[in-house]
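Every value quoted in this text rests on a predicted model; they were computed, and no experiment measured them.
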Amino acid sequence: MVPTVFDVTLPRSARSLSSHCWQLILFICLTIILATPSSAEGDEIFRDTAIEDRILEIFPKATRLDEKLAHPPAWPVYQLNELLGYAFESNDLVDLPGFSGDRVNLLIGINTAGVLEGVQIIHHHEPIFLHGLGPEPLLEFVNQYPGRKVSDRIIVGGKKSGTGTDGTAYFDGVTKATVSVIVINDTILSSSLQVARAMLDGFSQSPPATAKTDNYEPKPWQELLQLGYLKRWHIAPDMLEAELGQSLDSYAVDLNFDYNPEDGLDIYYAYLNSPIIGRNLLGEQEFARLTEKLKPGQHALMVFSRGILSYLEDEFRPGTVPNRISITQEGLSMPMRDINFYSYSNSLLPAEYEDVENINVFVINSQTGLDPSGEITLNLNLTLPRNHLISDSATFTDNYQLPKKLFNEAILPEVDQSQNKPLWQRIWENRAADILVLLLGLTVLTVVFVYQEKFTQKAKMFTWFRWGYLAFTLFFIGFYTQGQLSVVNIYTLLLEIYNGFSLDVFLLDPIIFILWVYTAISLVIWGRGLFCGWLCPFGALQEAVAWVGTKLRIKQWKITPSWHRRLLWLKYVILIVLVGMSFYSLRLAEQMAEVEPFKTAITLVFVRYWPFVLYAIALLGLGLFVHKFYCRYICPLGAGLAVVGKLHIFEWLSRRKECGTPCQLCHHRCGINAIEPSGKIDYDECIQCLECVVILRDDSQCAPARVEKKRQQREQIQAVQVFE
């Protein structure tokens with residue numbers, strides 16, 4: 001469906017806009033949004049289906065589901081009394097942010113043998129799939145997982161698709177979405193391994209250990225080798241030939257003739273997290289750099305080699321997963337990734353290791369469950385071509401076991417079912433810092449509003465404070481914490497009340513919840529203005545655009561009072577349509593809510609399908625000519641707040657008896673026409689920027705104050721003259 005586009009020429013005269021021009025502008029903006037196909041958002045792959053129905057799609061033979069377990073958070077799936085497997089949401093088990101910074105939530109099913117039965121996408125916010133490539137490449141990618149065992153070694157975007165002779169699965173990646181698909185792969189495998197280890201036979205693992213940080217003592221490399229801290233794995237030429245089934249001369253293309261073939265292959269590897277190993281191998285400075293580079297729970301493994309063959313394939317690229325070499329523990333694959341540690345510095349190997357090659361540091365994520373104090377198996381998977389048609393494969397393994405004294409053994413606490421924390425509570429704890437900053441900002445704003453007469457006495461300082469707070473609103477509340485309130489929240493609340501209210505739904509986003517609670521309280525005290533003028537990120541963005549228009553001396557379009565009053569009703573009409581539509585079709589109501597440009601401008605920062613971007617830019621562009629055009633005439637959220645704000649208790653904005661008669665300064669200065677010629681403030685439209693209060697406190701701006709000041713000066717002069 002192609003959006004309808006009209007060729008509209010704006011009037012050259014800046015004195016007024018005709019009714020036909022206004023109608024065309026609004027019609028174009030709404031048409032661009034409502035005519036945009038929903039598939040641009042990728043919504044078609046997220047069916048509005050209950051979680052039970054989705055699980056039954058993954059397990060078509062299932063006849064019942066048990067209640068969701070607490071540890072791990074998964075649903076047991078049965079066919080009559082036979083356990084088929086488990087279904088679970090990845091968000092309950094792992095916290096791996098995608099390219100957008102948001103997690104990809106997946107519904108995953110595994111059977112009792114640890115084989116993936118299906119993967120469905122519940123939610124994602126990866127912009128490349130939402131607004132670029134579309135949902136199809138993402139669906140094709142996740143459809144590669146059913147039938148794979150959770151312990152399989154899977155490489156995304158390898159040189160080929162399918163299964164290698166060593167059992168490694170090579171999955172097709174998605175061009176231009178490398179980060180996204182790698183995160184999805186890690187999310188599927190990490191969450192599946194957690195459930196498998198907790199519930200299935202053959203997947204259990206000892207509690208992981210952490211390296212002691214106080215066990216360093218200088219040791220030469222030869223002693224590290226003798227102690228087994230640095231492992232030398234020697235593969236003799238006859239071993240290579242026996243496993244490959246051919247003499248090494250048959251693979252001349254892949255051989256490294258800088259070495260004597262009779263020496264075979266030596267692979268050296270070591271676990272670097274332990275200071276007695278890592279600090280001695282890397283040197284103090286480089287070990288400190290590695291420690292700083294590693295994320296909490298990550299493990300580092302150093303590998304280098306010398307000999308007739310390389311442990312890395314020719315196609316290996318720094319920063320990726322190697323194909324030839326891998327590690328396993330208790331039969332489970334532990335994905336590891338090169339971190340390109342020596343991309344800009346040289347290794348400090350001693351002289352006897354000058355001829356080694358491929359010095360790399362690999363990282364194993366905490367979600368794999370690797371226990372560094374347990375036995376680790378290093379695997380070398382060779383596939384060497386004899387010619388263009390025939391290749392031979394062989395797999396070699398070596399075991400690495402470090403002494404327990406290098407580690408602090410983790411003791412798993414007994415599970416106390418009464419201490420299970422709900423999801424919303426865990427989310428609040430994880431976002432404690434954001435919540436603290438937000439509450440501090442709201443406290444400052446409250447103090448300023450309560451003592452506004454004091455804070456508005458110095459006009460210049462207050463102006464700086466207002467712009468500073470708007471910047472806080474735009475960048476912290478908006479872009480960083482994604483705290484942009486929306487009309488969707490209004491009809492979501494109404495639907496919850498209609499269907500049976502549950503507070504847990506709203507507690508899942510602490511920033512939005514706190515802002516709504518604060519806004520609800522402020523509506524009763526001051527009206528809608530506190531939110532619209534101070535806490536709306538898109539409103540702050542409009543203020544910035546209006547400031548730019550002022551600096552560029554763009555002439556403002558004058559809207560006649562009669563048209564101003566008519567256009568004010570438009571946002572209420574939009575609100576009524578949206579709320580009514582939400583009771584008919586929530587999906588359609590959410591699509592129609594795109595009349596708000598918040599998602600485009602604030603949530604996605606204009607990285608979106610072009611009609612949405614055009615619409616948001618058009619509204620901001622109108623703000624150059626009409627101050628806060630969107631807020632005044634279109635915003636359904638502002639309309640909803642204004643309706644509730646009619647119940648406000650106080651009218652805190654100060655007025656003088658001269659306001660309106662004869663002084664009209666505040667009426668003319670008010671950018672959104674919220675001050676009537678009579679001097680009365682329309683609190684339904686006022687954004688409480690406090691500019692009029694600043695004027696009243698400034699005897700250099702307020703006309704009655706200037707008159708009063710001059711009168712007092714004359715009386716003082718007269719009094720002095722009489723005294724003389």
Side-chain angles (χ1 to χ4, degrees), residues 1-6 8 19-41 43 48 484-499 512 516 519-520 523 528 531-532 536 538-539 542 559 563-603 608-609 611-612 614-616 618-620 622-623 626 628-647 672 682 684-685 687:
M1 185 175 182
V2 180
T4 306
V5 180
F6 296 90
V8 178
S19 62
H20 298 297
C21 185
W22 278 111
Q23 291 170 359
L24 282 174
I25 291 173
L26 295 174
F27 183 72
I28 290 171
C29 295
L30 293 175
T31 300
I32 289 174
I33 294 301
L34 298 181
T36 302
S38 61
S39 61
E41 285 295 296
D43 290 336
D48 189 11
Q484 173 71 66
L485 302 189
S486 167
V487 69
V488 175
N489 304 130
I490 293 179
Y491 49 72
T492 300
L493 174 62
L494 295 177
L495 286 173
E496 278 293 312
I497 295 174
Y498 179 78
N499 296 321
I512 295 293
W516 267 118
T519 300
L523 284 174
R528 68 169 278 205
F531 171 79
C532 294
C536 178
F538 189 76
Q542 288 186 96
I559 303 174
W563 270 105
H564 173 68
R565 288 191 296 271
R566 294 172 188 170
L567 289 172
L568 287 178
W569 285 100
L570 179 59
K571 59 178 176 285
Y572 295 97
V573 173
I574 295 174
L575 174 66
I576 293 171
V577 171
L578 289 176
V579 172
M581 183 58 66
S582 68
F583 287 92
Y584 170 72
S585 170
L586 183 58
R587 179 176 296 278
L588 183 58
E590 289 177 345
Q591 291 176 352
M592 294 180 66
E594 292 290 355
V595 70
E596 293 180 328
F598 305 157
K599 184 177 181 181
T600 301
I602 304 301
T603 304
R608 207 177 183 195
Y609 189 44
F612 295 96
L614 178 62
Y615 173 66
L619 290 179
L620 291 172
L622 285 172
V626 181
K628 300 194 80 166
F629 168 82
Y630 173 80
C631 287
R632 294 164 67 182
Y633 303 127
I634 298 180
C635 183
L637 174 62
L641 297 180
V643 171
V644 181
K646 289 181 180 293
L647 304 175
I672 59 171
D682 183 359
D684 292 344
E685 301 303 320
I687 62 169

Practice task
Mind checking the SG-CZ spacing from C631 to R528? Nearest 0.5 Å is all I need.
Solution key: 7.0 Å
Handout entry: Spatial distance of atom CG (L620) from atom OG1 (T600) [nearest 0.5 Å]
Key = 10.5 Å
Handout entry: CA sep, side-chain torsions, deciding dist, call: F531, L523, side-chain contact (heavy atoms from CB on, under 4.5 Å)
Key = CA-CA 8 Å; F531 171 79; L523 284 174; over 6 Å; no
Exercise for the section: Rounded to the nearest 0.5 Å, what's the gap from CG on L622 to CD on Q542? Could you check? Expected result: 10.0 Å
Exercise for the section: Give, for atom CD1 of I574 and atom CG of L637, the distance between the pair rounded to the nearest 0.5 Å. Expected result: 12.0 Å
Handout entry: Donor-acceptor contact present, side-chain K599 to main-chain E594, <3.5 Å
Key = no
Problem - Evaluation steps, side-chain contact (heavy atoms from CB on, under 4.5 Å), between R632 and V626 - result: CA-CA 10 Å; R632 294 164 67 182; V626 181; 3.7 Å; yes
Completion exercise
Scanning both residues in full, the closest heavy-atom pair of L619 with P597 reads CD1-CG, 3.7 Å
Problem - Y630 and F538 aromatic ring geometry - parallel, tilted or perpendicular at 30°/60° bounds - result: perpendicular
Handout entry: Main-chain N/O of V595 paired with Y615 side-chain donor or acceptor, under 3.5 Å
Key = yes
Exercise for the section: Verify side-chain contact (heavy atoms from CB on, under 4.5 Å) between L485 and F598, making sure each step is shown before the conclusion. Expected result: CA-CA 9 Å; L485 302 189; F598 305 157; over 6 Å; no
Practice task
Show your working on side-chain contact (heavy atoms from CB on, under 4.5 Å) between C532 and L641 and close with a plain yes or no.
Solution key: CA-CA 9 Å; C532 294; L641 297 180; 4.2 Å; yes
Practice task
Identify the heavy atoms of L575 and P636 that sit nearest to each other, and give their distance.
Solution key: CD1-O, 3.6 Å
Practice task
Compare all side-chain heavy atoms of E596 with those of S486 and state whether any distance is below 4.5 angstrom.
Solution key: yes
Exercise for the section: Classify the angle between the aromatic ring planes of Y633 and F629 as parallel (below 30°), tilted (30 to 60°) or perpendicular (above 60°). Expected result: perpendicular
Completion exercise
Hits for side-chain hydrogen bond (donor to acceptor under 3.5 Å, both in side chains) against Q484, two or more places apart or cross-chain, chain-then-number order -> none
